[in-house]
**Student:** 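The structure under discussion is supplied below as structure tokens; questions concerning it will follow.
Both ligands and their constituent atoms are indexed starting at 1 by order of listing. The chain is numbered in sequence order, starting from 1.
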Amino acid sequence: MKKMLNIALPKGRLGEKVYAMFEQAGFECPSIKENSRKLIFENEEKGVRYFWVKPSDVAIYVERGAADIGVAGKDILLEYEPDVYELLDLGVGVCRMAVAAKKDFRDDTRKTLKVATKFTNIARNYYSSLGRDIDIIHLNGSIEIAPILGLSDVIVDIVETGTTLKENDLCVVETVVPISARLIANKASFKFASYEIENLKNNIAEIIRAKG
Ligand code: PRP
């Protein structure tokens, strides 16, 4: 029997874009387009089973082998450092991780910098590479409010169009790292289903090349 590849996709707009790439690459699963609340879809003939999961959970499914492959943002991979293979940059979900602050912010290096973020690991690694002392304030959302209310000096957050910063009178101080969606694989799956995974990866890489 053909090996079914379990594929974890990030639920939402990015996931739909990514599914379209899988579809173009020849791994379609028409039932996924039916409007329903179902989360798992399979196409036995093509040997694929897709499931929608919360974007930040994709790497957990893949790391633990509940999914053979998946698509996760580089932000999640850098933040949680899951033990998975990163196979391909899909060139979608492009944004950047940046430090932002109020327009009049001037860094006083004699003081510990107060940094509000959802991405504490990324922020810690970044400032430690600069040798800068920081005080991390972990928040779960609406990070942009922190410098406005004086909770922090700066934020480390995702910037895509820059609209959220602009509308809150903040600006980018520096870019930490560029971000995009990555195809990832479970390490054991990559060993035991290497043909299927390589084949899928190569077909998707071809789609990306063709798009230029
Ligand atoms: C991210 C980020 C910013 C926003 C930036 O939030 O935290 O708030 O996107 O995008 P922009 O530069 O295009 O305005 P996201 O929408 O991912 O939701 P979250 O608040 O749950 O992180």
Side-chain angles (χ1 to χ4, degrees), residues 7-22 32 37 39 50-63 67 69-82 84 86 88-105 107 113-130 132 134-184 211:
I7 306 171
L9 293 180
K11 204 168 188 284
R13 217 158 23 103
L14 174 66
E16 280 159 30
K17 224 179 197 176
V18 165
Y19 169 72
M21 294 171 87
F22 280 70
I32 208 169
R37 294 216 162 205
L39 296 171
Y50 291 100
F51 37 94
W52 296 120
V53 306
K54 204 172 149 98
S56 50
D57 288 342
V58 168
I60 301 172
Y61 283 83
V62 174
E63 182 177 36
I69 58 173
V71 173
K74 184 69 180 174
D75 52 332
I76 299 298
L77 301 178
L78 290 170
E79 179 62 20
Y80 299 104
E81 300 178 1
V84 298
E86 191 182 312
L88 190 64
D89 183 343
L90 297 176
V92 291
V94 176
C95 53
R96 57 184 165 145
M97 187 67 65
V99 178
K102 289 205 293 191
K103 286 175 183 143
D104 59 1
F105 167 74
D107 192 5
L113 186 70
K114 286 189 281 174
V115 182
T117 187
K118 244 193 310 197
F119 301 94
T120 53
N121 193 32
I122 293 176
R124 271 205 191 90
N125 288 340
Y126 175 66
Y127 283 106
S128 109
S129 77
L130 299 177
R132 181 77 174 92
I134 60 165
D135 176 12
I136 287 265
I137 301 156
H138 180 252
L139 296 177
N140 295 299
S142 299
I143 318 292
E144 292 81 4
I145 292 178
I148 299 168
L149 299 182
L151 179 64
S152 74
D153 301 309
V154 298
I155 62 172
V156 169
D157 201 12
I158 285 170
V159 179
E160 192 183 349
T161 60
T163 310
T164 310
L165 291 183
K166 204 166 155 213
E167 292 191 355
N168 290 288
D169 289 319
L170 301 178
C171 59
V172 170
V173 176
E174 53 217 340
T175 294
V176 175
V177 65
I179 303 290
S180 57
R182 309 294 162 102
L183 181 66
I184 58 172
K211 272 203 261 176

**Student:** Apply side-chain hydrogen bond (donor to acceptor under 3.5 Å, both in side chains) to Ser128 and list each qualifying residue two or more places apart in sequence or on a separate chain.
**Tutor:** none
**Student:** Hey, does the side chain of Asp135 reach the backbone of Lys114 with a donor-acceptor pair shorter than 3.5 angstrom?
**Tutor:** no
**Student:** Tell me, please, which residues at least two apart from Ile76 pass side-chain contact (heavy atoms from CB on, under 4.5 Å).
**Tutor:** Ser56, Ala59, Tyr80
**Student:** When you measure from the side chain of Glu79 to the backbone N and O of Asn121, does any donor-acceptor pair fall under 3.5 Å?
**Tutor:** yes
**Student:** Can you produce the list of protein nitrogen or oxygen atoms under 3.5 Å from a nitrogen or oxygen of ligand 1, alongside each distance?
**Tutor:**
| residue | atom | partner | partner atom | Å |
| --- | --- | --- | --- | --- |
| ligand 1 | 7 (O) | Asp157 | OD1 | 3.2 |
| ligand 1 | 7 (O) | Asp157 | OD2 | 2.8 |
| ligand 1 | 8 (O) | Glu144 | OE2 | 2.8 |
| ligand 1 | 12 (O) | Glu160 | N | 2.8 |
| ligand 1 | 12 (O) | Thr161 | N | 3.0 |
| ligand 1 | 12 (O) | Gly162 | N | 2.7 |
| ligand 1 | 13 (O) | Thr161 | N | 2.8 |
| ligand 1 | 13 (O) | Thr161 | OG1 | 2.5 |
| ligand 1 | 14 (O) | Thr164 | N | 2.8 |
| ligand 1 | 14 (O) | Thr164 | OG1 | 2.4 |
| ligand 1 | 22 (O) | Lys118 | NZ | 2.3 |

**Student:** What is the ring orientation for Phe22 with Tyr50, classed by angle as parallel under 30°, tilted 30 to 60°, or perpendicular over 60°?
**Tutor:** perpendicular
**Student:** Taking only residues two or more places apart in sequence, or in another chain, which ones meet Ile145 in a side-chain contact (heavy atoms from CB on, under 4.5 Å)?
**Tutor:** Ser142, Leu149
